[in-house]
Amino acid sequence: MVKYFACVGLLKSSWDQVCIAFWERYPNPYSNHVLTEDIIFREVTPGNRLVSRRLLTKTNRAPRWMEKYLPVTMARHAYIIEDSIVDPQNRTMTTLTWNISHARMMSVEERCEYRINPDNTSWTEINREAWISSNLYGLSRAIQEFGLARFKTSVTKTMKGFEYVLAKMQGEIPSRTLAEHATERARETALAAKERAKDLASQAHKKQQYV
């Protein structure tokens, strides 16, 4: 049995901008799990389409309940193949990704099509499909449910990452950056207050010793 998932995403940027952002989206604050990206193959076809294949390395932390069923030596990294076809004439970009490591435990295949939004030609529509399967006897259903939940979370991060990169391309300060500054300032304030409290407590203790 295979779990199937489909959704439509919308980016409020032109198709050209999204295609550029696609190649520039790593690293970003929402893709810390992506460790490396390497181009394996790339060519321009006679029909002027850009065809590429990339190898991505990502972290692959299994949930705790699953770890006891896995070999202790199982790698914490996953290797992903990403094929893409950019068709400037028809204004479409199609990607197909799938994992080549731990595929017996869980296989995730994703197909995305990026095209101009029919209701607003300045925006880009992403039609996404995914197939999640597992051949691990006795655990396949649980693994598929886990894989589907993780994939949905990944889609949200992917869209936020796209928005972040697009904002930087357009010279804007992404909201994530503003949030990070606010969080860092709050941490500094809290740390300073903690150190001040330690000093006051230490001074109070010394006074008690001399009384």
Side-chain angles (χ1 to χ4, degrees), residues 1-9 11 18-43 50-86 93-114 126-166 168 174 176 180:
M1 184 177 179
V2 177
K3 286 286 184 182
Y4 174 75
F5 175 76
C7 67
V8 179
L11 292 170
V18 170
C19 284
I20 294 173
F22 177 80
W23 303 110
E24 302 291 335
R25 70 189 191 280
Y26 303 132
N28 69 70
Y30 302 94
S31 67
N32 294 328
H33 62 295
V34 180
L35 304 178
T36 63
E37 52 176 334
D38 298 284
I39 298 174
I40 300 175
F41 171 82
R42 175 168 286 171
E43 72 168 3
L50 177 64
V51 178
S52 305
R53 169 167 287 187
R54 297 198 299 176
L55 174 66
L56 307 176
T57 307
K58 302 182 179 182
T59 56
N60 187 48
R61 181 65 185 269
R64 291 183 179 179
W65 65 264
M66 192 187 296
E67 287 182 348
K68 62 181 180 180
Y69 298 103
L70 304 177
V72 177
T73 56
M74 177 169 278
R76 295 298 185 184
H77 297 161
Y79 298 99
I80 314 294
I81 293 293
E82 174 196 84
D83 285 350
S84 61
I85 302 175
V86 181
M93 177 171 65
T94 305
T95 65
L96 181 64
T97 60
W98 68 95
N99 59 300
I100 57 175
S101 55
H102 318 316
R104 180 178 177 274
M105 182 182 72
M106 183 171 68
S107 173
V108 180
E109 297 182 22
E110 178 192 46
R111 183 183 185 278
C112 295
E113 186 178 65
Y114 301 72
I126 307 174
N127 291 281
R128 190 185 311 270
E129 294 179 287
W131 297 263
I132 298 120
S133 61
S134 173
N135 292 323
L136 202 60
Y137 180 76
L139 291 172
S140 61
R141 185 172 181 178
I143 291 173
Q144 287 173 9
E145 291 291 348
F146 162 75
L148 180 59
R150 173 178 279 188
F151 181 82
K152 289 179 179 179
T153 301
S154 177
V155 169
T156 300
K157 290 182 178 180
T158 297
M159 295 299 289
K160 288 183 177 179
F162 255 121
E163 291 169 353
Y164 178 93
V165 174
L166 286 164
K168 288 188 68 175
R176 171 76 181 200
E180 285 176 341

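In this chain, residues are counted from 1 in sequence order.
- Looking at heavy atoms from C-beta onward, Ile80 lies out of side-chain contact with Ile100 at the 4.5 angstrom threshold.
- Residues passing the salt bridge (Lys or Arg N to Asp or Glu O under 4.0 Å) test with Glu145 are Lys3, sequence neighbours excluded.
- Scanning for side chain to side chain contact (heavy atoms under 4.5 Å, CB included) contacts around Ser31 gives Tyr26, Asn28, His33, Val34, with sequence neighbours left out.
- In terms of heavy-atom proximity, Ser140 sits nearest to Ser134 at CB-O, 3.4 Å.
- Evaluation of the side chain to side chain contact (heavy atoms under 4.5 Å, CB included) rule for Val2 yields Trp131, Ser133 as partners, not counting sequence neighbours.
- Residue Leu11 comes nearest to Glu163 through the heavy atom pair CD2-CG, 3.9 Å, listed as atom of the first residue, atom of the second, then distance.
- Remark: Glu24 engages no residue in a salt bridge (Lys or Arg N to Asp or Glu O under 4.0 Å) (not counting sequence neighbours).
- No donor-acceptor pair closer than 3.5 Å links the side chain of Arg150 to the backbone N or O of Gly147.
- Under the rule for a side chain to side chain donor-acceptor pair (under 3.5 Å), Glu109 has no partner lying at least two apart in sequence or in another chain.
- In terms of the salt bridge (Lys or Arg N to Asp or Glu O under 4.0 Å) criterion, Lys160 has no residue partners (sequence neighbours excluded).
- Annotation: the span from Asn135 atom CG to Met106 atom CE amounts to 12.5 Å, rounded to 0.5 Å.
- The shortest distance between side-chain heavy atoms of Leu148 and Gln144 does not fall below 4.5 Å.
- Not counting sequence neighbours, the partners of Arg53 by the salt bridge (Lys or Arg N to Asp or Glu O under 4.0 Å) test are Asp83.
- Atom CZ of Arg128 and atom CZ of Arg111 lie 12.5 Å apart (nearest 0.5 Å).
- For Phe5, the ring pair (Phe, Tyr, Trp, His ring centres under 6.0 Å) partners two or more places apart in sequence, or in a different chain, are Phe151.
- Shown here for Val165 and Ala21, the closest heavy-atom pair between the two residues is CG1-CB, 4.0 Å.
- With sequence neighbours left out, Trp23 forms a ring pair (Phe, Tyr, Trp, His ring centres under 6.0 Å) with no residue at all.
- Between Ala78 and Ser101, the closest heavy-atom pair is CA-OG, 3.2 Å.
- By the side chain to side chain contact (heavy atoms under 4.5 Å, CB included) test, Ile39 is found to be paired with Arg42, Arg54, residues two or more places apart in sequence or in another chain being considered.
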Checklist entry - So Val86 and Phe22, side chain to side chain contact (heavy atoms under 4.5 Å, CB included) or not? Walk me through it. => result CA-CA 11 Å; Val86 181; Phe22 177 80; over 6 Å; no
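- Between Val155 and Cys7, the closest heavy-atom pair is CG1-SG, 4.3 Å.
- The side chain to side chain donor-acceptor pair (under 3.5 Å) check on Tyr137 picks up nothing, with sequence neighbours excluded.
- Formation of a donor-acceptor pair under 3.5 Å by the Ser107 side chain with backbone atoms of Ala103 is not found in this model.
- Leu35 is linked by a side chain to side chain contact (heavy atoms under 4.5 Å, CB included) to Thr57, Thr59, His77, counting only residues two or more places apart in sequence or in another chain.
- The CG atom of Leu56 lies 11.5 Å from the CG atom of Asn99; values are rounded to the nearest 0.5 Å.
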